[in-house]
Amino acid sequence: MSSAMDKAKGKLKEVTGRITGNRRLESEGRTDQVKTKIRDTVKSAREHAEGIKDSLKRDHR
């Protein structure tokens, strides 16, 4: 599932939980959104590190 879909799913759970008074669902939605943000941050950091590694390889040739 894409990152945007995961974020939307989390937001939908949060809003649905808030509207229905279901605190567990609301909390689960917020948690899903945080997990997605962390996953995106880790992916970005990994890609950045790969770019640095590739740059260093080119400099040493």
Under the 4.5 Å side-chain heavy-atom rule for ILVMFWY, direct or indirect, which residues accompany Ile38?
-> Val34, Val42
For Lys11, check salt bridge (charged side-chain N to carboxylate O under 4.0 Å, His left out) against everything at least two apart and list the hits.
-> Glu14
Which residues share a salt bridge (charged side-chain N to carboxylate O under 4.0 Å, His left out) with Glu50, sequence neighbours left out = Lys53
When rounded to the nearest 0.5 Å, the distance separating CG of Asp6 from CG of Asp32 is 8.0 Å
Contacts of type side-chain contact (heavy atoms from CB on, under 4.5 Å), residue [X], not counting sequence neighbours:
| X | value |
| --- | --- |
| Ile52 | His48, Leu56 |
| Ser44 | none |
| Lys7 | Ser3, Thr36, Asp40 |

Qualifying salt bridge (charged side-chain N to carboxylate O under 4.0 Å, His left out) pairs with a residue from residues 21-30, counting only residues at least two apart or across chains = Lys13-Glu28, Arg18-Glu26, Glu26-Arg30
Thr41 side chain to Lys37 backbone, donor-acceptor under 3.5 Å = yes
